[in-house]
There are 2 protein chains.
Amino acid sequence: MPRNQPLMAPAPGSSAPAATTTATTLAEAIRIALAEDIIAGRLPPGSEIEEHQAAERFGASRTPVREALRELAAAGLVEIEPRRGVRVARLTLERLGEMFEVMAETEAMCARLATHRMSAPERFALQSVHERSAAAVADGDVPAYDALNREFHSALYRCTHNGFLAEHVQALRLRLAPFRRAQFHHADRLRDSFAEHAALLRAVLRGDGEAAAREMRAHMLAAGSSLASTLRPAG
Amino acid sequence: MPRNQPLMAPAPGSSAPAATTTATTLAEAIRIALAEDIIAGRLPPGSEIEEHQAAERFGASRTPVREALRELAAAGLVEIEPRRGVRVARLTLERLGEMFEVMAETEAMCARLATHRMSAPERFALQSVHERSAAAVADGDVPAYDALNREFHSALYRCTHNGFLAEHVQALRLRLAPFRRAQFHHADRLRDSFAEHAALLRAVLRGDGEAAAREMRAHMLAAGSSLASTLRPAG
DNA sequence: CACAGTATTTCTGTATGCACAATCCTCCGA
DNA sequence: TCGGAGGATTGTGCATACAGAAATACTGTG
């Protein structure tokens with residue numbers, strides 16, 4: 001099935017044999033590398049990307065770099081002004097809020113659908129992820145919790161049994177990633193996030209889709225406002 | 001504000017001074033032209049697009065054609081298999097169903113948010129669009145109803161007062177467009193669609209967001225299943 | 001010293017050329 | 001007749017070259 005390739009490598013901290021995981025084409029490799037740079041904050045929002053310089057960095061010509069940049073633009077990670085140049089997407093606070101709302105509503109949708117459709121093994125797996133994240137909270141291990149948080153949400157996406165939806169919301173998440181890096185700076189947020197997951201999980205396990213949606217929406221909005229409070233005016 | 005350019009020209013049947021509306025760049029013009037061809041069905045799902053031949057058709061070189069194709073791929077209108085070629089996206093029935101579900105849920109989200117946020121003038125405008133579409137139904141004027149249907153939904157998007165959401169759902173709509181061309185073939189579907197809009201509008205006007213969401217979901221699913229019944233196995 | 005106008009530089013947009021991968025075709029052998 | 005090896009062909013991926021727009025530096029004038 002010649003589906004659309006994902007914008008990034010399978011998982012940012014995956015267990016796969018490091019690099020050369022997927023790179024059928026130079027342009028694709030460059031796209032992945034640039035996306036990682038943007039998401040990791042090495043290319044902060046607003047910074048300019050010059051084609052020639054990027055090409056040099058990757059030991060390639062401008063052609064594949066241009067292709068990579070076009071695709072990143074389509075995904076919303078960079079902005080292209082014709083004949084002016086490319087820069088990493090920089091959002092107004094208003095637009096960031098709008099994106100968070102869409103994210104929250106879409107995740108809520110996932111939670112509701114997943115509640116009604118997930119299988120018993122899936123239920124068990126979700127619970128397991130949540131339990132493992134408890135340890136990370138106890139240790140204050142931010143990177144570990146961050147990874148488990150992603151896994152928790154991804155598991156929920158899969159439980160919708162709607163592959164397109166899963167890809168769709170994952171793309172949204174990717175697009176917001178550059179602005180969520182400070183997500184768990186405060187230990188408070190870590191604990192709150194875990195508690196919200198717990199409430200969500202309870203709703204899911206008792207089969208109350210609407211409640212699950214509400215919990216998820218609240219969870220995402222809490223994350224959003226926590227983020228907003230740590231953000232300087234124009235990220 | 002250097003936001004992301006839309007994938008297509010403003011409106012397929014707009015009143016703007018025809019061509020040369022927007023075309024800062026050759027690649028962009030080609031992208032728009034190809035998108036229109038795909039959506040209008042002149043390039044049906046599954047058909048191959050050969051770079052050289054497309055370039056010749058537009059009197060350009062392969063370079064801008066390639067860029068256009070990458071962007072179309074990112075939007076999901078075409079599929080690129082590295083070193084194999086490009087073809088207009090062809091969906092399995094399963095995936096089409098998944099996309100319709102996401103579309104339905106997202107439109108429902110829009111309806112709910114719009115209900116709670118729209119202003120009095122917006123309410124009036126939405127009603128006006130609906131009333132105009134009544135005439136199209138009475139005349140059995142399919143193209144007119146099609147246009148008004150789009151306008152009805154677009155108006156609702158705007159009423160969410162969430163610009164990102166509006167763009168987001170519009171992109172979804174665009175992506176499904178190649179598979180919705182047979183939408184109002186049956187006069188029955190025309191009348192049903194109008195009736196569903198009426199029910200939706202009633203819910204919106206009495207401020208019942210949840211009901212509006214339900215009506216919208218039902219409306220979209222009805223459209224989807226009507227479409228499925230007129231579709232050969234692998235569109 | 002400020003500023004308008006011009007020259008220069010820089011970088012994007014497009015064209016062209018080359019190399020290699022994928023496919024197709026031919027032809028030979030079982 | 002069928003299957004497969006090997007070469008020809010087609011078309012993509014990438015590099016390079018060139019033209020023109022935008023940004024910058026420069027110069028002369030008020």
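Remember, it's a predicted structure, so these values are computed and weren't measured experimentally. Every chain is numbered from 1, with letters handed out A, B, ... down the list of sequences.
Between the side chains of B/T24 and B/E28, a donor-acceptor pair is found at a separation under 3.5 Å. There is a side-chain donor-acceptor pair under 3.5 Å between B/H197 and B/N149. The closest side-chain donor-acceptor pair between B/R173 and B/Y157 falls under 3.5 angstrom.
Taking a cutoff of 4.0 Å between a charged side-chain nitrogen and a carboxylate oxygen, A/E67 and A/R31 do not qualify as a salt bridge. Salt bridge status for B/R180 with B/D146: absent, with no side-chain N to carboxylate O gap under 4.0 Å. A salt bridge links B/R217 with B/E105: the distance from a Lys NZ or Arg NE/NH1/NH2 to an Asp or Glu carboxylate oxygen falls below 4.0 Å. Salt bridge status for A/E101 with B/R117: present, with a side-chain N to carboxylate O gap under 4.0 Å. The residues A/R66 and A/E51 are annotated as salt-bridged, a charged nitrogen and a carboxylate oxygen being separated by less than 4.0 angstrom.
Extent of DNA chain D lying under 4.0 Å from chain A heavy atoms, first and last nucleotide in 5' to 3' order, is D/dG13 to D/dA23. If you walk DNA chain C from 5' to 3' and mark each nucleotide with an atom closer than 4.0 Å to a heavy atom of chain A, the marks span C/dC11 to C/dT14.
Here the two rings, on B/H116 and B/H161, have centers that are 6.0 Å apart or farther.
Among the atoms of the strands shown, base atoms are found under 4.0 Å from some heavy atom of A/R66.
Of the two residues near DNA chain D, A/R84 and B/V86, the one whose nearest nucleotide lies more 5' is B/V86.
Only A/E50, A/E51, A/R62, listed by number, bring a heavy atom of residues 50-65 of chain A to less than 4.0 angstrom from any atom of DNA chain C.
Between A/H153 and A/E107 there is a side-chain heavy-atom pair separated by less than 4.5 Å.
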